[in-house]
There are 2 protein chains.
Amino acid sequence: MARLNRTRFTILGCLTIEPMSGYDVKRFIDRTISHFWNESYGQIYPTLQALEEEGLIEGEREPGERGPDRVVFRITNAGREDLGRWLLEPAEPAVTRYEHSLKLFFGHVIGPSASLQHVERLRERTRSELDRLAAAEVELEKSAASWAPYWLAVLRGGMRYSEMVLAWCDATETDLRKVTP
Amino acid sequence: MARLNRTRFTILGCLTIEPMSGYDVKRFIDRTISHFWNESYGQIYPTLQALEEEGLIEGEREPGERGPDRVVFRITNAGREDLGRWLLEPAEPAVTRYEHSLKLFFGHVIGPSASLQHVERLRERTRSELDRLAAAEVELEKSAASWAPYWLAVLRGGMRYSEMVLAWCDATETDLRKVTP
DNA sequence: ATTGCCATGTAAGGGGTTACATGATTAT
DNA sequence: ATAATCATGTAACCCCTTACATGGCAAT
């Protein structure tokens, strides 16, 4: 079972940007990569402890500016090496589960008009997602940071994906309207 | 915790096409929807037993034509109703985890040339996937079955996705070549 | 001989989400 | 007052894959 815990590497990767608390890591992920990657607190906090025990990160308690104390973690050299090794390995193919597609695939059970509602909902959801990504792109294009090109690449992947989905919704709507119930 | 077991509905949906054994269900999924949905035997066989106990499907033992005995399941009216209710509910948003995008996002750690290798591998994988889907499209277009329009819709979604990824690979390659290590 | 397909199933165990618990500060 | 944000963490529990077990038949 070579199924390595990818949360580990996600956290290590975040800490290459700057030192962060568990709360910061969660916010960072939600803001930058949530369109293709997510982590929950239930994963983040235990993983931070494990990484510290292994010496891949180091935590320091700080008084919170406006709120409770924070534990801010920074990546160690050992952590950077561990992350680097993983980053060089080929990526595992994604195991996707699109409930939208699944429900549409079984559309013959509920008929074309009910199926079209799924398309309509997907269109709305995708539109607002695209708006969000487009706004982020404007911000990112101003950045000269060393990671900006990589962030832009995945961000534009998300935008292309959204645009593709919207075009597919149009085409599918046209096709399904021709289906007799 | 309203996290309903979607394997149940996947199996019920398959059985609306025709009666199938667990083995058939697995093969059917692999052939038709594996580009966006997968199930393993470890899920399928226990779920079949549960569905039968609930009266949503009925199994009958048959002698295998060339091999061991098979248990062929057919969906009941109760099963059809259960599936129909679920199909009418709005789809849950997909929780995706693209390792490819994640590794690229942290590309500043390994630099542009190593990151480009990820793009190259993704391109190869996507090309063969697109070939596979295009061949399936040719077959499906001949079908006059009631489910053909829905199968075509999701299949073309997969093809659009693959084409989008290939175009993104080209654009990303161009962009990353300009990045100095 | 041995590989591959047909066919059904179980056990182990990691991955991951959700819900809960706690409590201070800040804004409305 | 009340809601939202900051902040850390645990417990329960489901989801799902992988690996294993078993064995007959067909093809190379």
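Quick note on labels: first sequence line is chain A, next is B, and so on, each numbered from 1.
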Can you tell me if B:Ser21 and B:Asp24 form a side-chain donor-acceptor pair at under 3.5 Å? yes
Which whole-number value in Å describes the distance from A:Glu62 CD to C:dA24 P? 21 Å
Return all side-chain donor-acceptor pairs below 3.5 angstrom for residues 133-145 of chain A, not counting sequence neighbours, or 'none' if the list is empty.
| unit_1 | atom_1 | unit_2 | atom_2 | d |
| --- | --- | --- | --- | --- |
| A:Glu137 | OE2 | A:Arg156 | NE | 3.0 |
| A:Glu139 | OE2 | A:Lys142 | NZ | 3.4 |
| A:Glu141 | OE2 | A:Arg156 | NH2 | 3.0 |
| A:Ser143 | OG | A:Ala145 | N | 3.1 |

Using OP1 and OP2 only, check whether a side-chain N or O of A:Thr7 sits under 4.0 Å from C:dG16. yes
Atom CD of A:Gln43 and atom C1' of D:dT8: how far apart are they, to the nearest Å? 16 Å
Would you please name every residue forming a salt bridge (Lys or Arg N to Asp or Glu O under 4.0 Å) with B:Arg121, sequence neighbours left out? none
Between CG of A:Leu4 and C1' of D:dT17 the distance, given in whole Å, is 15 Å
Can you check the A:Ile29 CD1 to C:dG16 P distance for me, whole Å? 12 Å
Degree of bending, the helix from C:dA1-D:dT28 to C:dT28-D:dA1 (end axes from five pairs; round to 10°): 40°
For B:Asn38, does its backbone N or O pair with a side-chain atom of A:Arg97 as donor and acceptor, under 3.5 Å? yes
Who pairs with A:Arg127 by side chain to side chain donor-acceptor pair (under 3.5 Å), at least two apart in sequence or on another chain? A:Glu124
Spacing between B:Glu92 atom CD and C:dT18 atom P, to the nearest angstrom: 9 Å
Return the value, rounded to whole Å, for the distance between atom CE of B:Met20 and atom C1' of C:dC6. 16 Å
N/O (side chain, A:Arg6) to phosphate O (OP1/OP2, C:dG16) under 4.0 Å: yes
Within the side chain of B:Thr76, is there an N or O that forms a donor-acceptor pair under 3.5 Å with the backbone of B:Gly55? yes
Between P of D:dA7 and CD1 of A:Ile44, the distance in whole Å: 14 Å
Tell me which residues in residues 94-106 of chain B put a heavy atom below 4.0 Å from DNA chain C, sorted by number, or none. B:Arg97
Taking only nitrogen or oxygen atoms into account, show me every contact under 3.5 Å that the protein makes with nucleotides 8-10 of chain C, one pair per line with its distance.
| unit_1 | atom_1 | unit_2 | atom_2 | d |
| --- | --- | --- | --- | --- |
| C:dT8 | OP1 | B:Val71 | N | 2.8 |
| C:dT8 | OP2 | B:Ser21 | OG | 3.4 |
| C:dT8 | OP2 | B:Tyr23 | N | 2.9 |
| C:dT8 | OP2 | B:Tyr45 | OH | 3.0 |

Quick check on D:dC6: is either OP1 or OP2 less than 4.0 Å from any side-chain nitrogen or oxygen of A:Arg27? yes
Are more than 12 heavy atoms from other residues, nucleotides or ligands located less than 6.0 Å from atom CZ of A:Arg27? yes
Going by salt bridge (Lys or Arg N to Asp or Glu O under 4.0 Å), name the pairs with one or both residues in residues 98-119 of chain B, residues two or more places apart or in two chains. A:Arg6-B:Glu99, B:Glu99-B:Lys103
How would you list all residue pairs meeting side chain to side chain donor-acceptor pair (under 3.5 Å) that involve residues 162-173 of chain A, not counting sequence neighbours? A:Arg123-A:Asp170, A:Arg123-A:Glu173, A:Trp168-A:Thr172, A:Glu173-A:Arg177
Under 4.0 Å from any atom of DNA chain D, heavy atoms only: list the residues of residues 32-39 of chain B that qualify, in numerical order. none
How would you list, by chain and number, every residue that makes a ring pair (Phe, Tyr, Trp, His ring centres under 6.0 Å) with B:Phe36, sequence neighbours excluded? none
Is there any salt bridge (Lys or Arg N to Asp or Glu O under 4.0 Å) pair reaching into residues 40-57 of chain A, and which pairs are they, with sequence neighbours excluded? A:Arg8-A:Glu54
Could you state the atom-to-atom distance from CD1 of A:Ile11 to P of D:dT8 in whole Å? 12 Å
Between A:Thr7 and A:Glu39, a side-chain donor and acceptor under 3.5 Å: yes
Qualifying ring-ring contact (aromatic ring centres under 6.0 Å, His included) pairs, either residue in residues 68-94 of chain B, two or more places apart: B:Phe9-B:Trp86
Parallel, tilted or perpendicular: which describes the rings of A:His108 and B:Trp147, with under 30° parallel and over 60° perpendicular? perpendicular
